[in-house]
Amino acid sequence: MSTTRIRSVLHGAGVGLVGVLLVIALVAPSSLRAQPTDEARHTMMFRGVDLHDALERVVETTRIDLVYDSELVNGKTVYCSARDATPDTLLRCLLADVPVDFYQTSGGTYVLTEPTRQPPRRGDLTGIVVDKRTGEPLPRAHVLLAAANTGVASDPAGRFQLPNLTSGTYRVVATHLGYETTVDSVHVPPGDSVRRRIALAPTPIASEPLIVDGVQRHAPGGTVGAITLSADELTESGRMGTPDALGRAGTLMGVHQQRPMADLHVQGGAAGEHEVRLDGMPIRNPVTLRRLLGAFSPLSLDRLTVRKAGFGVEHGSTISGVVSAKHALSASAPSVGQVTIDPMSVNAEGHGSVALGEHRTAQFRVAARSSVWDVYQDPTLNRLLLDWNVVDPMLLSSYFGQSEVPNIEPAAQTVGTGFSDIHAAARVDLGPYRSLSVSGYRGRNHLRTQFVAQEPFGMLTQDRYDWANTAGQARLDWTLGARSSASVQLRASEHKVHRGYQMTYGEPDPNEDLQTAIDTLQRALDPALWPDDRNQIQEWALKATGSYAATTRHHLKGAVEVSRLASAFRLGGRFLRPFSFDDTRWQVGGYLRDVVSLGTGTTLTAGTRLTYIPVRRTLYAEPRLSLHTEGAVPGLGPYAVRVAGGLYRQFVNRFEASSTSPTATLPSMRFWLPTGGTHAPPRAYHATAQTHLQPHDRWSVQAEAFYKHYGRLLTLDYTALRSETASPLDGAATVAPSAAIAATDGYALGGGLALTREEDRFQGTLRYDWHRSRRQFPGRFSGQRVPVPWNQPHRLSLSAEGTVTKALRLRLRAERSWGRSWGFRRIYYDYLGGPSASGSSVAGALQNPGSHTLAPRTRVDLGIRYAVQWGGVTVESQLDLVNVLGRQHPFDWGLRPADDGMTRTTRRLPGRRLVGTLTIRY
């Protein structure tokens with residue numbers, strides 16, 4: 001046999017032997033295998049725990065010997081989750097995100113050391129946070145890197161970027177209000193980027209056998225700087241017996257309503273000095289039902305956020321604040337819609353989602369609200385409208401130019417009102433990091449009143465109002481790369497108002513019945529003598545926004561916006577000279593903002609807005625700055641503090657002209673003017689401090705203080721608007737808007753304190769607000785600064801809600817307010833108390849509105865809610881006893897001529913009433 005043949009046989013035999021040995025090793029019983037050491041295994045989880053405490057717990061649990069220098073682990077926080085792990089595996093898990101290494105000596109002792117230093121290599125992490133059930137992006141989710149002292153909040157499209165990270169493995173912690181915290185590991189390779197889709201579950205996740213939790217009592221940073229109301233809070237029954245989303249905002253600290261009016265006032269500002277937005281679309285007059293109810297169907301909204309003094313540059317230009325509402329899309333709950341019925345309206349919504357592929361979905365929602373006045377007229381509302389549609393003797397006296405006018409009681413009154421809102425919203429995923437969102441809104445309102453008198457003379461007045469809001473938008477969001485993202489939004493909105501008023505009078509015919517008298521008076525009406533008031537404002541805007549994470553410490557964001565505003569209005573009246581405007585203005589604006597991380601829990605935000613007004617050929621700047629810090633104090637618990645301030649301007653201004661009609665149902669007519677060539681825009685300087693402290697798991701304390709200096713304000717000059725003619729068409733000279741608007745100044749300051757207790761079955765808040773706001777009113781009150789008519793100096797409120805059983809819940813709302821001045825009707829101060837009437841006794845009495853203080857108001861509401869479920873249908877009934885004490889508080893005063901001078905009359909608010917609501921979810 002040759003040598004080559006022998007080698008071949010030996011090689012084949014060797015390979016066969018190795019194969020046999022492998023087979024034996026695989027199939028041999030365990031008794032024939034080498035025995036590993038019997039090492040205990042452990043399941044542990046650490047979330048936001050100090051490294052020293054975590055190591056002590058590992059030593060206590062595993063009984064290992066561990067030595068280290070305390071300086072090596074001080075100030076380091078760890079996140080770790082390990083199942084059935086050996087001590088080696090536990091230590092690797094704990095030290096994965098911190099610059100600490102370990103080794104084991106021959107005697108079995110573990111030693112912690114500093115890692116071998118190497119030149120760091122960098123990578124990027126980017127991604128999107130979504131609802132695990134629906135796939136809907138989650139804005140404002142917090143994405144944190146454990147032990148890296150950095151983190152970001154997701155943008156409105158749910159995206160986040162963490163660039164320029166040292167390569168390695170990170171523990172990523174994602175949190176969002178109402179969702180389970182998610183902890184995961186992500187490896188960032190050097191010189192590359194990683195994209196992650198983080199899905200948060202709205203349902204609880206089973207805990208590990210042993211959890212060391214340092215995240216549960218986290219600093220409540222999301223509660224300072226802005227207050228957000230959830231969808232459940234927005235659907236609660238309001239003061240009018242129907243859900244009112246904007247009215248719910250009026251119960252927050254620093255925000256109030258001049259009940260029963262629905263207009264919001266933010267920290268001493270007028271109703272037109274903040275902006276209400278829906279998906280970024282400005283809604284210029286967000287009220288309905290004679291301004292007694294806020295706009296929007298509550299079932300259409302996902303949340304509503306109120307930003308007060310010191311808000312950031314990205315939130316726009318207003319001198320008071322911003323109220324932002326966002327449409328809801330698919331709900332997390334497995335339902336497809338719901339219907340709510342109450343004495344004033346019917347609300348309905350339907351929603352759904354469609355899967356378009358892996359990680360791609362389309363969500364949509366349609367919601368509508370309609371009044372039920374044509375079917376059922378709520379007695380309280382009907383009585384309120386009738387009581388406020390009566391003759392004001394002082395105004396009628398001025399109409400006739402007589403010092404004495406007899407009392408005129410109604411022989412007949414009719415009221416007709418209605419409102420409707422419709423919302424539609426959809427979002428389509430165009431890819432893992434691109435989405436298209438569209439939404440639209442249409443709200444319509446009308447009010448009709450007729451007043452008829454027969455004694456001492458025949459009189460007929462007709463008042464009608466129609467107004468509508470229309471808005472739409474489309475926004476494209478996408479992630480450009482590991483460090484940058486962008487969005488483009490096109491939006492449009494329109495507000496239209498038409499008001500018509502007619503009045504006639506004549507000698508009564510004793511032989512005529514009431515209907516014949518009404519027909520006779522109606523034939524005598526002359527529309528030519530009573531011109532209609534009209535107002536319209538349209539706005540188109542294109543906005544491009546970009547964000548860039550320069551480093552883990554600097555996050556830049558900027559935007560550019562081009563807008564076109566067209567405004568037209570025509571006003572007139574018995575005391576009001578004809579007043580009109582029709583023009584279109586362009587403006588270009590934008591902002592740049594940098595969020596700087598100064599260390600764990602501390603950020604500095606600096607930015608400025610720039611707005612160019614072509615008609616003025618001027619570029620206006622609005623620099624703003626805020627400092628936010630959060631952490632924990634031993635013995636006091638977690639805290640968050642925010643200090644902010646800056647310059648704020650307003651480029652679209654709302655004005656109100658008091659209604660001059662003696663039976664006017666609405667107190668004023670509103671119109672909007674963009675900044676023009678005559679008057680510079682209003683400006684205000686803000687300074688604010690806000691804090692949130694959580695001394696106990698069940699207790700929290702909130703406090704705020706603010707100061708606003710209004711360096712420049714624009715207001716109507718009633719001395720230029722007053723007309724002395726008997727009719728608006730009697731030849732009074734038309735006044736230009738530039739002459740009817742005057743500049744003034746003022747200030748507002750205040751603060752608030754709230755104490756909240758939260759348990760599994762109970763939540764309650766006790767809150768106190770104090771405000772002081774003063775301004776000059778051109779041509780009136782001797783040029784002195786006086787309290788503003790909408791200011792509410794003091795308010796003490798209590799809200800509590802408890803769960804008796806899974807189906808039964810109880811609610812309490814109590815409020816006491818006091819100190820509001822300007823007790824007489826606003827029109828008295830505007831038209832009857834000026835220099836032209838300075839010789840009258842009435843004018844003298846109206847020169848000090850701050851001394852006309854209304855009586856305190858105390859109100860208590862009780863509610864009970866019961867829900868039952870059959871299969872996939874939930875039926876919820878709610879019963880509210882509104883104004884339990886039955887107090888009919890004064891709203892304002894009037895004057896009635898009498899033999900011995902003037903007698904004061906009072907218009908009052910509704911008393912006690914019982915309201916029921918039925919909701920069906922399916």
Side-chain angles (χ1 to χ4, degrees), residues 47 79 81 96-97 123-146 148 150-165 167-189 192-205 215 302 326 328-334 351-364 426-437 475-487 545-549 552 555 557:
R47 299 195 299 177
Y79 293 78
S81 176
D97 300 324
D124 304 314
L125 173 63
T126 186
I128 186 171
V129 184
V130 300
D131 185 300
K132 187 174 183 178
R133 182 170 294 172
T134 67
E136 182 178 351
L138 295 177
R140 304 190 318 280
H142 294 280
V143 181
L144 309 174
L145 297 185
T150 189
V152 294
S154 60
D155 64 15
R159 303 161 304 175
F160 67 91
Q161 297 89 29
L162 288 163
N164 201 30
L165 300 174
S167 62
T169 301
Y170 290 88
R171 292 284 179 182
V172 179
V173 183
T175 65
H176 192 284
L177 183 64
Y179 291 82
E180 183 71 19
T181 298
T182 295
V183 181
D184 197 6
S185 295
V186 174
H187 180 72
V188 178
D192 202 353
S193 62
V194 175
R195 292 188 176 186
R196 275 297 175 96
R197 183 179 187 270
I198 301 176
L200 300 184
T203 55
I205 297 176
V215 178
D302 174 65
K326 178 177 172 54
L329 292 171
S330 292
S332 298
H351 60 265
S353 62
V354 179
L356 303 178
E358 185 177 3
H359 302 322
R360 295 183 60 191
T361 58
Q363 292 90 33
F364 62 89
R427 188 187 64 83
V428 180
D429 293 329
L430 304 179
Y433 302 99
R434 288 185 301 159
S435 64
L436 175 66
S437 302
R475 190 185 75 242
L476 179 64
D477 299 279
W478 71 98
T479 300
L480 300 176
R483 297 173 181 263
S484 58
S485 63
S487 68
T545 305
S547 63
Y548 177 73
T552 56
H555 293 262
K557 187 176 183 179

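Nearest heavy atom pair, residue A362 against residue L356, reads CB-CD1, 4.0 Å. When all heavy atoms of V129 and A141 are compared, the pair lying nearest together is CG1-CB, 3.8 Å. Heavy atoms only, all atoms of each residue included: Y179 and L138 are closest at OH-CD2, 3.5 Å. The two atoms that bring D477 and S487 nearest to each other are OD1-CB, 3.1 Å, heavy atoms only. Here the shortest heavy-atom pairing between A199 and T182 reads O-OG1, 4.0 Å.
At a threshold of 4.5 Å between non-hydrogen side-chain atoms, the residues P137 and R427 count as touching. Residues H176 and D131 are not in side-chain contact: their nearest non-hydrogen atoms beyond the backbone lie 4.5 Å or more apart. Side-chain contact check for V194 versus P189: some heavy-atom pair is nearer than 4.5 Å. Contact check for I198 versus D184: no side-chain heavy atoms found under the 4.5 Å cut-off. With contacts defined as side-chain heavy-atom distances shorter than 4.5 Å, the pair Q161/V152 does not qualify.
Here the straight-line distance linking atom OG of S484 with atom CZ of R159 works out to 9.5 Å at 0.5 Å rounding. For the atom pair NE2 of H187 and OH of Y170, the computed distance is 10.0 Å after rounding to the nearest 0.5 Å. With values rounded to the nearest 0.5 angstrom, L476 atom CG is found 9.0 Å from S437 atom OG. Annotation: the span from Y548 atom OH to L480 atom CG amounts to 11.5 Å, rounded to 0.5 Å.
Remark: the backbone N or O of T361 is paired with a side-chain donor or acceptor of D429 at under 3.5 angstrom. A donor-acceptor pair is defined here as one N or O able to donate and one able to accept, closer than 3.5 Å; no such pair exists between the side chain of R171 and the backbone of V183. The backbone N or O of F160 sits less than 3.5 Å from a side-chain atom of T126, completing a donor-acceptor pair.
Results of the side chain to side chain contact (heavy atoms under 4.5 Å, CB included) test with R196 over L125, I128, L162 single out L125 as the only residue that passes.
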- Where do T175 and T181 land on the side-chain hydrogen bond (donor to acceptor under 3.5 Å, both in side chains) test, with the steps shown first? CA-CA 5 Å; T175 65; T181 298; 5.5 Å; no
